[in-house]
Structure formats: structure tokens, C-alpha cells
Protein chains: 2
Amino acid sequence: MSEGGRGGVTIVDVARAAQVSTATASRALGGYGRISAATRERILAVADDLGYRPNDLARAVRVGRSSTIGLVVTDLANPFFAQATRAVVDTASALGHEVLIANTGEDAAAERRAVRVFVEKRVCGLVVVPAAGADHDHLFRPDGRPHLPLVLLDRRLPGRSAATVISDDLGAAREAVGLLAGRGHTAIGMIDGNSTVPGVARDAPAGLVSAAADRVEGFLAGLRDAGLEARRDWMLYATAAEPGAAEEAALTLLGSPDRPTAVVANNSDVALAVVMACNRLGLAIGRDVSLIGFDDASWTRAFTPAISVVARPVAGLGEAAVRELAAQIGGRPAASEPIVLPNRLVDRPSAAPRR
Amino acid sequence: MSEGGRGGVTIVDVARAAQVSTATASRALGGYGRISAATRERILAVADDLGYRPNDLARAVRVGRSSTIGLVVTDLANPFFAQATRAVVDTASALGHEVLIANTGEDAAAERRAVRVFVEKRVCGLVVVPAAGADHDHLFRPDGRPHLPLVLLDRRLPGRSAATVISDDLGAAREAVGLLAGRGHTAIGMIDGNSTVPGVARDAPAGLVSAAADRVEGFLAGLRDAGLEARRDWMLYATAAEPGAAEEAALTLLGSPDRPTAVVANNSDVALAVVMACNRLGLAIGRDVSLIGFDDASWTRAFTPAISVVARPVAGLGEAAVRELAAQIGGRPAASEPIVLPNRLVDRPSAAPRR
DNA sequence: TTGTAGGCGTTATCAC
DNA sequence: GTGATAACGCCTACAA
């Protein structure tokens, strides 16, 4: 067995070597239709001997569909998306799908290009993290329905009707503020780190992705719950594009004499920036500044004090997205309401009582 | 324009609508051969109007090759591989290739399965992070040459001849030890976190991947350079599979009264574990214990003191792997010697003089 | 149970 | 410059 020809061995070669027709060979190899056990064994043996490898491209052309899904992500190197990607790949694999992957870097043109290529490769469905602030016409037909089975991951597209899988970031931010307020904090700030406008902004920039906008809204709702006023100078928006922007925002927020005693950091980069800013300013987290971040990065448990976080169901999001997509591919209509997974507030010493 | 039929519109439809033959339509759409500008424009307009999308599967079958490469990784959620994956995807995209991705979780069967599927999908090449301690016959023909263009990423496969892209981890570990020795440390320990045997081992387990083995060897070479003896009880091997193993190793190493004054952590999880163990044991990093880790994780700069690290050229590795693969696909013979990229030792306060 | 033959959507080789 | 026509490798009526 396994002489392993140069890859050019087709089902015709197998059929000829086994002295049967290509139809019979195809039946044996594909494991369908009526065929005698004897000939099937013989054909399989011959195929193995020749090193035959089915050509899935040809099969896909013939049957009109592939088993490949496309995954379009904004930043594969971001730990959140990396973990989600892993879940997507693992789940897809378990469901018998392969995954074509593309990275857009929040660039609309790159996303458009990726989707076009995937469509030409006849993927049977798409999981997309839509790029911030871009138009997404390329995903939809004129009648507003997606060109093909589609699931949006982590970001809603307002005004569009597409299956969407997100976590309850509004509720989590609200809960985080509630926790801080319950410990006596009345001066609570927020730093967003998902903006696409350069540098640090003091007003919510247009084009914030829904996950970020939800956190801002949840923050405001939490303040309202606690009967606190929102202060414009305690809400900062740092771009995700410049590594230094989050730290600049943290220094601005905490460097002022009139600083908040607690901060909600809307992603883990910002949480890290707050830690660094406190180091720089000589402020002690948990004493001078309480902190709750988003995303349960591994380092948050290693700090003294450990950092409280909103643990997002990152693997669950990826898995749910693929399951929803597989269902659509199977013919089920797309989920009309967003699939919302719960977050988990992990209470650690960085969220301390006000002193 | 863009009525966007249901996806069933083929080149035949375009040809018919433009009143030309499929050959002419193909020439116009494919941008090759001799064709008058007028008919080309007309055909392109008609194609756009019909919402024609070329079927890349059919083209691939016809021309006998696809533009897709396969990427097989052991753990997509690991920040190192996530960043490498991003570099692979970005570079491939720039070079006109798409990327099919698979995650093996260090499981040989999963790797075998992934490679088989990718071959059946007729990828034009493979970038593989080979699973630890597995046999990799499925990548090679009986004569020892790869079945198709192949590049190994981050891990050599001893005894096999395949293009390989790695970083100089031996040199980096050696240099790290040299730095510590130069600051007066004579008691230097090491914790590896890439083992596949459960728990914590006190002797180098079999089947350590080359990147890990290189670091161990570099560590020993560094000791020799400094005229220091290697102590068996100061070299621990924690499995990557159990999150707690690295911390257990760190507690074992540093909890003893006869503990080293400096530690080299062979990946960033281990570095974090050392930090946590020091917290737990009441040891101060940079004073009681000096530390140098592998991989420049973002949190290493946020600690006080900041953690010294070996910054690996992670994006460079991914890019180099794809460039080498593309060259092979273009017909160039595979690089016969490993492509070794330099590491960079980032000296921060955690690597302090001995007190 | 097996074989024949046609076609999936492309591209490429011929003629004209 | 353009048009028949034959592949590419596979599946699947339909016929035997």
C-alpha cells in the first residue's frame, strides 16, 4: 500500500486499475448506492495502493456546494478574537466544515475584498466581525437579505437584518458600575478603547462598534441606577489603533486632581493602560483607584491586587455563531433576534470599597 | 446594475446575454488573450448587471491548482500563534493566497485529519506547526520528501527534510543566562512550560518540541559560558495542558529555602506563573528573584518592576513562512537549511543585580 | 450489482 | 478577434 503517486491519480485511474467503471469506483469511494462488498473492498484497496486522494474541488463543483465556511475578523492578533476564532474553527471542524479565514484590520475595503473572494470560492456561509464604521452593502442583496448564510459575531449592524451573536455588554457594564457604587464610589470614570478616531476623544465618536457603544450605554445606565450624574470629563474614548492612546487617556483621567475614585476599562488593553498610568502617577489600585476591566485576560489574576473583570463568553460566542450558521446552511431561517450570551462579573480586590 | 441573481449565474449566462461565445466571455472576464476593447466592456457590463461571480472552484478544477494555502496550528488561542497566524494570513493575502485554517490542540490525529482534508481541497501548500511528540509521516512521501510545498513553523522536525522557519531560541536563552550571570547571579533556575507530560517533571521529558528543547539547551550553554554548574532541581518542566502546572512548578522552585536567585521562564505563561508564585511566597521580583521570560506579552511592561523578556520575531516568523512557501509554490526548491530569525533580549528591571 | 453517458462552470486549444 | 469544442475530476440519472 501507499506508493503515493504524484497527486495526479484520479478516480479514473482507480477504476481502471480495479477493472471497474468510474461509476462503481465512485460508489465504492463515496460509500453510497448498491455495491457488492467484494468489489468495494477491492476498489478501496486499489485506491489506497495508488495513493488516491479525492478532489474535493471537483466534487464541490459537481454537487454545487462546498463544506467550507468563511471567517472574516478584524484583528486575529487580538486575544479576544483569537479565542473566538479558535472556537469557530473547533466547532466548525466538529460539524464537518472547514474554515477560510481573513483579517481586515477594520478596513472596509479589505472586508469587501475578503467577502468577494470567499463568495468566489463558494463558501457555504460566512461568520463576520464587521469592520467599524464601514458600510456593509456587500453582505446584503438589494432586498436587504444576506447573499448567503451569514452570522455577525460580536457586533450588531444597526438597521440590518442578519443573525447576530453577542454578549450582554450593556448589562455587564451596568452591573460593574453598580458594584462600584455599592462600595461607596460616587466618582466613577470610564475609558473606552475601541474608538477608530485618532488619539483620545472626550465625546462618544461616531462609528463606535455596537459592543463598545453597549458598554458606554451600560455605564450610563449604571450611573442612573445609582443616582449619579455622568460627567463628560470622566468619560474618555481612546483609539484602538495607537498603542499609546489608552495610556494617554488613563493619564489624563487619573492625573487630574479632580479624578474619579473608580474606573471602568472597556477592554483589557485599557485596563492594562490604567495599571500603567497608576504606576506612573503613584496611585495604588484598590486603594486610590478601583478598577474593573473587560475581558478576563490571564494577567489580571497575577497583579496585586488582582483586577476585577467582566469575563466575556468568548468561546461560547464563536461556538454559537457557527451553530447558528450551520443551522442556516441546513435550511433553517436565520435567527431574527440577536443571540445574547451572558457575561460574568468576576469580583476581585481591585474593585475595593471607597476610602 | 447589480440585480444580483441568486448566485446561479454562470459564464454561459453572461455569454448568452452579451451575445458572444463562452470563450470570448471567459477572455473578457479573465483578462487574457486577444479581445477588442468594445466587446470586453460590453461583457463586463453585462456580467456586472447580472451579478456574475466567477466560480473559483470550477476554475481550480480546470487549471489544476488553487490559490489556497493551509495553515495547521496547535493552539490558535495562544497569543504567540495568534500573532503568527495573523502574519500568515496578512502575508498570504498580500501574495494573492487565501488561507484555510485548522487547530490541532497538539493532537496527532487532528493534525493528520486536517492535512488530509486540506489535500483533498487541493491547497497549493501547507504551513504547519507540527504537533508535539507525534509522528508526521502524513506530511511526507516514502522517499522522505513532502507531498506538497511545505513549511514548518516554529518547530523543527528532527530527521526530516522540510523547509523550517524558527527563531534563535537557543541563542536567546543562552544570552538571557549570560545577562543574569553578568549581574552576579550564580543560582539560576529554569522553568519550561511546553511539556506534554502531565504535571511537573524534573527531567527533560521526551517529545519536547524543538523550540522548547532549544531553550533548555541554550540555558545549559549559558550556564557553561558562565562557569556555572547546572542543578537538576533547578530545572523544572511543566505541562502546557494544565493551567496550574506552571504555577506549581514555580512554587516548587521558589518555595524551597535553597532556591535560585534568578529564573528563566520559557514562555509567557510560565513568566506569569513565576510572578504569581512570588506574590504568594512574599518574594519581590527584581529584589529576591530576578526574572527573564520568553515572549514580549503586553502585560510584562505593566508590572512593577517591568519584566525582562526575549521578544520573539513572531510576525516575522509567520511572514517568512509564507514567503518561503510562496517561493516553493513558484517552483523554487525548498530551503534546505532552517530559516532562523533573531530574537531580541529586552532588558527590564526584573533582571536585577544580585543582592 | 454494474456500466454508460452527460453535465457541473471553467479554461484553453484549435480553427476560422 | 471570435467561436466551437474538448477537457478538468467528479457524481448520478438511467439503462442494462
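If you're wondering where the values come from, they're calculated on a predicted model, not measured in any experiment. Below, chains carry the letters A, B, ... as their sequence lines are ordered, and counting in each starts from 1.
The interatomic distance linking B:L50 (CG) with C:dG9 (P) rounds to 14 Å, in whole Å. Protein atom CG of A:L57 is 15 Å distant from nucleotide atom P of D:dC8, rounded to whole Å. At whole-Å resolution of the value, OH in A:Y32 and C1' in C:dT1 are 14 Å apart. Distance B:D13 CG to C:dG7 P: 16 Å, rounded to the nearest Å. Here the C1' atom of nucleotide C:dC8 and the CZ atom of B:R59 are 16 Å apart, to the nearest Å. Spacing between atom CZ of A:R65 and atom P of C:dG9 amounts to 14 Å, rounded to whole angstrom units. When rounded to the nearest whole Å, the span between CG of B:L29 and C1' of C:dG9 equals 12 Å.
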Give each protein N/O atom lying under 3.5 Å from an N/O atom of nucleotides 1-3 of chain D, with the pair distance.
residue	atom	partner	partner atom	Å
D:dT2	OP1	B:S36	OG	3.4
D:dT2	OP1	B:T39	OG1	3.4
D:dT2	OP2	B:S36	N	3.0
D:dT2	OP2	B:T39	OG1	3.0
D:dG3	OP2	B:S21	N	3.0
D:dG3	OP2	B:S21	OG	3.3
D:dG3	OP2	B:T24	OG1	2.6
D:dG3	N7	B:R27	NH2	2.8
D:dG3	O6	B:R27	NH1	3.4

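A side-chain contact (heavy atoms from CB on, under 4.5 Å) with B:P149 holds for exactly one of B:E324, B:Q328, B:R332; it is B:Q328.
Sequence neighbours left out, not one pair with a member in residues 24-33 of chain A passes salt bridge (charged side-chain N to carboxylate O under 4.0 Å, His left out).
Figure legend: cation-pi geometry between B:R145 and B:F140 absent, as NZ or CZ is not positioned both under 6.0 Å from the six-membered ring centre and within 45° of its axis.
A salt bridge between B:R122 and A:D56 is absent, with no side-chain N of the basic residue lying under 4.0 Å from a carboxylate O of the acidic one.
The distance from the CZ atom of A:R40 to the CZ atom of A:R34 is 11.0 Å, given to the nearest 0.5 Å.
Without hydrogens or angle criteria, A:R155 side chain to A:L152 main chain gives no donor-acceptor distance under 3.5 Å.
With D:dC10, C:dA12, C:dT10 as the candidates, the nucleotide lying closest to the side chain of B:I11 is C:dT10. The side chain of B:Y52 approaches C:dT10 more closely than any other nucleotide in the set D:dC10, C:dT10, D:dG9.
Within the 4.0 angstrom heavy-atom criterion, only backbone atoms of the sugar-phosphate kind lie near B:V63; the bases stay farther away.
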